[in-house]
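Single-structure report; data block below.
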Protein chains: 2
Amino acid sequence: MNTFTEENYLKAIYHLSTQHDSVSTNQIAASLNTRAASVTDMLKKLADKRLINYERYQGVTLSPQGEKVALSIVRKHRLWEYFLVEKLNFKWDEVHEVAEELEHISSRDLVDRLDEFMGHPKFDPHGDPIPDKNGHFKANELKPVSSLSVNTTGIISGVREHSPAFLQYLEKIKLVIGKEIKVCEINSYDHSITLLLEDEMLYISRDVANNLLITL
Amino acid sequence: MNTFTEENYLKAIYHLSTQHDSVSTNQIAASLNTRAASVTDMLKKLADKRLINYERYQGVTLSPQGEKVALSIVRKHRLWEYFLVEKLNFKWDEVHEVAEELEHISSRDLVDRLDEFMGHPKFDPHGDPIPDKNGHFKANELKPVSSLSVNTTGIISGVREHSPAFLQYLEKIKLVIGKEIKVCEINSYDHSITLLLEDEMLYISRDVANNLLITL
DNA sequence: TTAAAAATTTAGATTAGTCTAAAAATAATA
DNA sequence: TATTATTTTTAGACTAATCTAAATTTTTAA
Ligand SMILES: [Mn+2]
Ligand SMILES: [Mn+2]
Ligand SMILES: [Mn+2]
Ligand SMILES: [Mn+2]
């Protein structure tokens with residue numbers, strides 16, 4: 001088995017890989033709040049274990065084996081988040097830190113039974129897809145609200161930013177997953193947006209619009 | 001906060017303390033499958049943190065602070081075991097190892113909400129009492145079946161031995177928690193016992209009788 | 001009450017993960 | 001292309017938890 005730390009590195013590499021082709025030492029260091037030198041050490045170890053493809057100075061990618069491990073961590077993380085919200089009445093901004101711990105519980109049986117218990121949910125509380133036991137999932141086709149043009153509608157389906165502050169803000173203005181919105185006006189100066197949400201007009205900044213994802 | 005390892009030491013000392021007044025280095029080493037030298041190192045650290053009372057060569061006891069921590073670990077362990085059996089359909093012999101990991105999840109909120117979700121259970125699947133959030137619990141007055149005399153009855157309420165092999169055996173012969181038994185005959189040669197369980201006669205060894213606990 | 005046995009502690013290493021500072025390689029740019 | 005800036009790696013050190021082997025203390029029992 002892999003250590004806690006190894007799992008966190010693999011997960012970080014996995015997440016960074018969804019945005020960049022190859023992942024750099026510095027990117028990993030930033031995402032794990034650690035130092036580049038520590039990352040290099042760990043990359044050597046993960047390469048020895050055939051979990052990543054790594055050549056000095058060239059960045060890394062996950063090996064098929066490493067991706068499998070990463071996906072199992074992501075699966076656990078998202079299933080636990082779903083459990084916390086749906087069964088234990090946590091708020092969506094309260095679950096991430098707890099799931100960061102729960103995702104390392106090793107029992108395969110546990111996660112599969114948990115999945116069963118909850119009826120095989122497909123998305124976590126933030127709209128992120130939950131891989132099945134084979135690591136498969138279908139991602140929604142998501143676009144930031146900021147990419148919509150005036151008079152188009154969409155359904156809130158995910159977030160790009162997971163900080164409690166952002167999630168709490170969305171909750172406060174009732175911009176939560178599942179709601180339909182319509183873009184009414186785009187301010188051409190600062191790209192802020194006025195939208196229609198359940199018969200109410202709502203004003204959001206460009207920043208918010210960038211981090212809020214919808215399906216058409 | 002305390003590390004996993006520190007928590008495991010405190011828990012081990014707690015359990016050993018229920019049987020002996022003061023706990024020895026070797027007892028801890030045996031219970032944690034580690035070496036006496038390692039235990040000594042850890043005892044120094046725990047003493048520095050005021051979690052135990054320790055004087056070289058004299059054995060240890062938990063400080064009030066240390067007992068509080070130990071009880072919170074025990075609470076989490078037993079609540080998770082209950083959850084696994086009652087909600088996820090684990091068997092009572094399958095939960096201990098998983099709970100050994102889950103007991104270290106730190107979120108206070110999580111364990112309290114889990115407790116709430118399950119309706120504040122008082123006993124875990126093995127009949128062990130679950131401390132409440134203040135560390136309080138009332139233990140049943142338990143006696144081994146081997147201490148009963150002929151023609152007395154009792155309700156199976158706990159086990160002294162938690163190995164999967166023992167638990168599976170009990171399950172197989174349907175000697176599970178909640179059932180009423182009556183002692184019919186005690187073999188004076190080997191102290192094996194014949195008892196009545198739901199109109200069926202059942203024969204158990206002295207060893208089993210010693211590790212099976214009842215309330216009157 | 002002393003000698004042997006058992007328990008415990010100390011000394012010195014090892015491994016995982018981390019760090020800072022310095023060196024080396026790569027990328028950017030003049 | 002040559003120089004500078006940035007990124008990455010190496011070197012060397014530190015902490016937590018562990019180990020074996022040796023020394024010390026306590027216990028047992030002759
Ligand atoms: Mn999360
Ligand atoms: Mn999430
Ligand atoms: Mn247990
Ligand atoms: Mn138990």
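Naming convention: chains lettered A, B, ... in sequence-line order (proteins, then strands); numbering from 1 in each chain. Given the structure is predicted, the values throughout are model-derived calculations rather than measurements.
- The residues Asp112(A) and Arg75(A) are annotated as salt-bridged, a charged nitrogen and a carboxylate oxygen being separated by less than 4.0 angstrom.
- Separating the CG atom of Leu43(B) from the P atom of dT18(D) is a distance of 12 Å, rounded to the nearest angstrom.
- For the pair Lys87(A) and Tyr82(A), the cation-pi criterion (under 6.0 Å, within 45° of the ring axis) is not fulfilled.
- Under the rule for a ring pair (Phe, Tyr, Trp, His ring centres under 6.0 Å), the partners of Phe4(B) that lie at least two apart in sequence or sit in another chain are His104(B).
- Within a heavy-atom distance below 4.0 Å of DNA chain C, the residues of residues 1-11 of chain A found are Thr3(A), Thr5(A), Tyr9(A).
- For Asn134(A) (side chain) and His136(A) (main-chain N/O), no donor-acceptor pair under 3.5 Å exists by modelled atom type.
- Judged purely by distance below 3.5 Å, without hydrogens or angles, the side chains of Thr215(A) and Ser157(A) pair a donor atom with an acceptor atom.
- Distance check, rounded to the nearest 0.5 Å: CD of Glu101(B) to OG of Ser106(A) gives 3.5 Å.
- Judged purely by distance below 3.5 Å, without hydrogens or angles, the side chains of Glu7(A) and Asn2(A) never pair a donor atom with an acceptor atom.
- Between Phe83(A) and Phe83(B), the ring centre distance stays below 6.0 Å.
- Between His77(A) and Asp124(A), the side chains place no donor N or O within less than 3.5 Å of an acceptor N or O (distance only, hydrogens not considered).
- Remark: of the listed residues Thr34(B), Asn26(B), Val60(B), Thr34(B) is the sole one forming a side-chain contact (heavy atoms from CB on, under 4.5 Å) with Val39(B).
- A heavy atom lying under 4.0 Å from DNA chain D marks the following residues of residues 18-27 of chain A, by number: Ser24(A), Thr25(A), Asn26(A).
- Contacts with DNA chain D (heavy atom under 4.0 Å) in residues 32-42 of chain B: Thr34(B), Arg35(B), Ala37(B), Ser38(B), Asp41(B), Met42(B), listed by number.
- Atom CD of Glu55(B) and atom C1' of dT8(C) are 14 Å apart (whole Å).
- Remark: the His96(B) side chain and the His126(B) side chain contain no N/O donor-acceptor pair separated by less than 3.5 Å.
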Listed pairs, N/O of protein and of nucleotides 24-26 of chain D, under 3.5 Å:
from	atom 1	to	atom 2	distance (Å)
dT24(D)	O2	Tyr57(B)	OH	3.3
dT25(D)	O4'	Tyr57(B)	OH	3.3

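- Contact between the side-chain N/O atoms of Lys44(B) and the OP1/OP2 oxygens of dT10(C) is found at a separation under 4.0 Å.
- For Asp48(B), the side-chain contact (heavy atoms from CB on, under 4.5 Å) test picks out no residue, with sequence neighbours left out.
- To the nearest 0.5 Å, atom CD of residue Glu81(A) and atom NE2 of residue His162(A) are 7.0 Å apart.
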